[in-house]
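Sequence lines set the chain letters: A, B, ... in the order given, protein chains first and strands last, and positions in each chain run from 1. What's counted below: heavy atoms across the whole structure, side chains too, no hydrogens, waters or symmetry copies. The structure displayed is predicted, hence computed values, not measured ones.
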There are 2 protein chains.
Amino acid sequence: MRPISKEEYDLKCSTRQLFELLSEKWVPGLIYVLSLGPQRPGKITGRLQGISKKMLTQTLRNLENWGVVKRTVYDVVPPHVEYSLTPLGEKMIEPIALVHGWAQENREDIAKVFGQRLTSKKPERLTDQE
Amino acid sequence: MRPISKEEYDLKCSTRQLFELLSEKWVPGLIYVLSLGPQRPGKITGRLQGISKKMLTQTLRNLENWGVVKRTVYDVVPPHVEYSLTPLGEKMIEPIALVHGWAQENREDIAKVFGQRLTSKKPERLTDQE
DNA sequence: TTCCATGGTTACCTTGAGGTGCCTACTTGA
DNA sequence: TCAAGTAGGCACCTCAAGGTAACCATGGAA
C-alpha cells in the first residue's frame, strides 16, 4: 500500500545518499540547466538566478569530479568553455525531472509549506496542546 | 525531447523550493519513516540512523508548523506521543518515493558518485586540460 | 593605452545547520 | 529512596557551506 519499502534509512541507503547529493544548493539547478544542452558559463549564470561566479565554478568542478559533467575547452580567444552532461549526468536528469514534474503539479501546496518555512525559521509550536 | 521544461530556475520556481525543503538534512527521512505509519519518537529514532534527540524534535516541530506532520498526545503516564502525516504530508510522500525508486534502481551509479564526493570535498580538477 | 569580455582563482568573512550535554517533570517498580 | 523510561527544553559550540570582492591573463576594439 505505502509506496516506500521498509529499507532502513541508514547511512548506506542510496536514497539518503542521493538526497545528500541533490541537496547541495546548486546541484539540481545546474544539472537541470545542462539538461537543456551544453552551455557556456555565461549562459548558465544567466539561467541560474542568483548564483555567484565562485559557486558556479565550484559546483561545476565538483560535478566534473563526480563524473556527472564534462568540460570542453576551445582554444580560442576570448576563451570559450563549454559544459555538458556525461552519460551519467544524463541519467541524473531523471530523478530531478520527476521531482520537477511533481513540483509543477503541486505548486500551491509547495508555496504554502514554503511560506510557512520562511515565516518560522525558529521552530515554535503554533497551537499548544491543552 | 528533454523532459524538463524551459522554465527559469528562479527563486519562485516551485522545483527549486521543493528541493530546498527536501534538502533539510532529516526532512526526507522523517517523512519516509512516517509514511510507514504513525510513530512514537522512540521508534522514529530507531529507524533514522544517527539522528539526535534535538534534531528529531526540531525537525518534527518544523514539519508540524508547515502542516506536514500532526502531533497527537495521549494523556497517559508515562507520556505517549505519536506523530503522523497530515493529508499534505501524505502528498509529500510521492516525490520522495519517486526519488527513492530511482535510487534503488541506480544504487551503483549513486555509490560511484557518492564515493567521489567523499574523497574530494575540496574541488580539484583531476585531469588537467593540456 | 585604456577598456571590455571571457573564465577563472584566491583570500576573507558570516551565518546557521546541526551536534553534544545537561536539565526538567512525571510515575512506577525494586 | 533511587533508578528508569518517556518527552522535550535550553545553552553552548563547531564546522563548513556559501557569499563578496579583488585579482590575473588574454587579445581585439575604440
In whole angstroms, how far is the [atom2] atom of [N] from the [atom1] atom of [X]?
| X | N | atom1 | atom2 | value |
| --- | --- | --- | --- | --- |
| A/Glu20 | D/dA16 | CD | P | 13 Å |
| B/His80 | C/dT28 | NE2 | P | 17 Å |
| B/Tyr74 | D/dG5 | OH | C1' | 19 Å |
| B/Gln58 | D/dA7 | CD | P | 19 Å |

Distance col, row A/Gln58:CD vs A/Leu63:CG, nearest 0.5 angstrom, shows 11.0 Å

To the nearest 0.5 Å, atom NE2 of A/His100 lies from atom CG of B/Leu98 at 13.5 Å

Closer than 4.0 Å, any side-chain N/O of B/Tyr83 to the OP1 or OP2 of D/dG8?
yes

* **Residue-phosphate contact under 4.0 Å: B/Arg71 side-chain N/O, D/dA7 OP1/OP2** => no

Sorted by chain and number, sequence neighbours left out, side-chain hydrogen bond (donor to acceptor under 3.5 Å, both in side chains) with A/Glu105 holds for none

Sequence neighbours excluded, the answer for side-chain hydrogen bond (donor to acceptor under 3.5 Å, both in side chains) partners of A/Asn106 is B/Lys91

Just the table, please: protein N/O against nucleotides 2-4 of chain D N/O, every pair under 3.5 Å.
none

With sequence neighbours left out, the residues meeting side chain to side chain contact (heavy atoms under 4.5 Å, CB included) with B/Val99 are A/Leu18, A/Phe19, A/Val99

Sequence neighbours excluded, the answer for side chain to side chain contact (heavy atoms under 4.5 Å, CB included) partners of B/Leu56 is B/Leu30, B/Pro41, B/Ile44, B/Thr45, B/Ile51, B/Leu60

If each end axis of the helix from C/dT1-D/dA30 to C/dA30-D/dT1 is fitted on five C1' pair positions, the angle between them, to 10 degrees, is 30°

Picking from C/dG8, C/dG7, C/dG18, the nucleotide nearest the side-chain atoms of A/Arg40 would be C/dG7

Worksheet item: Between the main-chain N or O of A/Gly67 and the side-chain N or O of A/Thr86, is there a donor-acceptor pair closer than 3.5 Å?
Response: yes

Between A/Glu82 and A/His80 (side chain of the first, backbone of the second, donor and acceptor by atom type, cut-off under 3.5 Å), is there such a pair? no

Name all residues meeting the salt bridge (Lys or Arg N to Asp or Glu O under 4.0 Å) criterion together with [X]; count only those two or more places apart in sequence or in a different chain, and write none if there are none.
| X | answer |
| --- | --- |
| A/Glu20 | B/Arg117 |
| A/Lys53 | none |
| B/Lys54 | none |

In B/S/- notation (B base, S sugar-phosphate only, - none; protein heavy atoms under 4.0 Å), nucleotides 19-27 of chain C written 5' to 3' is BB------S

